[in-house]
Amino acid sequence: MWRVIKSVLAAFFGVQKEQRRREDFEQGRPLAFIVVGVLMGLLFVVGVAAVAIVVAR
């Protein structure tokens, strides 16, 4: 699971190596990447919203 999380984080920042991306597509399960990506996206949105609320006070 850490491998999926690290791959999704690298993709979020745009720093994933081409070889690693190929390995993910060839060996990884798409559902795992989708679930982790959606969860991380939600965490990002909630984090930005929380910062905006704190700064607005």
Side-chain angles (χ1 to χ4, degrees):
M1 186 53 101
W2 277 110
R3 181 177 178 171
V4 173
I5 293 171
K6 286 176 21 180
S7 288
V8 171
L9 281 174
F12 268 33
F13 289 108
V15 295
Q16 190 171 30
K17 295 180 181 180
E18 179 66 20
Q19 179 182 0
R20 177 66 176 215
R21 186 189 65 80
R22 283 190 187 141
E23 288 175 4
D24 290 342
F25 275 98
E26 291 171 358
Q27 299 172 359
R29 293 181 304 177
L31 184 60
F33 288 98
I34 292 168
V35 170
V36 171
V38 168
L39 289 175
M40 286 188 177
L42 287 173
L43 284 174
F44 177 75
V45 170
V46 169
V48 169
V51 169
I53 291 169
V54 169
V55 170
R57 287 185 181 194

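Atom NZ of Lys6 and atom CG of Leu9 lie 10.0 Å apart (nearest 0.5 Å). Between Phe33 atom CZ and Ile5 atom CD1 the span is 11.0 Å, to the nearest 0.5 Å.
Linking Ile, Leu, Val, Met, Phe, Trp and Tyr residues whenever their side-chain heavy atoms come within less than 4.5 Å places Trp2 and Met40 in a single cluster.
By the neighbour-count criterion of 12 heavy atoms within 6.0 Å, atom CZ of Phe44 is sparsely surrounded, having that number or fewer from other residues, nucleotides or ligands. Within a 6.0 Å radius of CD in Gln19, other residues, nucleotides and ligands contribute 12 heavy atoms or fewer.
The hydrophobic cluster containing Phe25, built from Ile/Leu/Val/Met/Phe/Trp/Tyr side-chain heavy atoms closer than 4.5 Å, comprises no other residue. Counting Ile, Leu, Val, Met, Phe, Trp and Tyr side chains that sit under 4.5 Å apart, directly or through other members, Ile53 stands alone, with no cluster partners.
Shown here are the salt bridge (Lys or Arg N to Asp or Glu O under 4.0 Å) partners of Arg22, two or more places apart in sequence or in another chain: Glu18.
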- Task: Walk me through it: do Val36 and Met1 pass the test side-chain contact (heavy atoms from CB on, under 4.5 Å)?
- Result: CA-CA 9 Å; Val36 171; Met1 186 53 101; 4.1 Å; yes
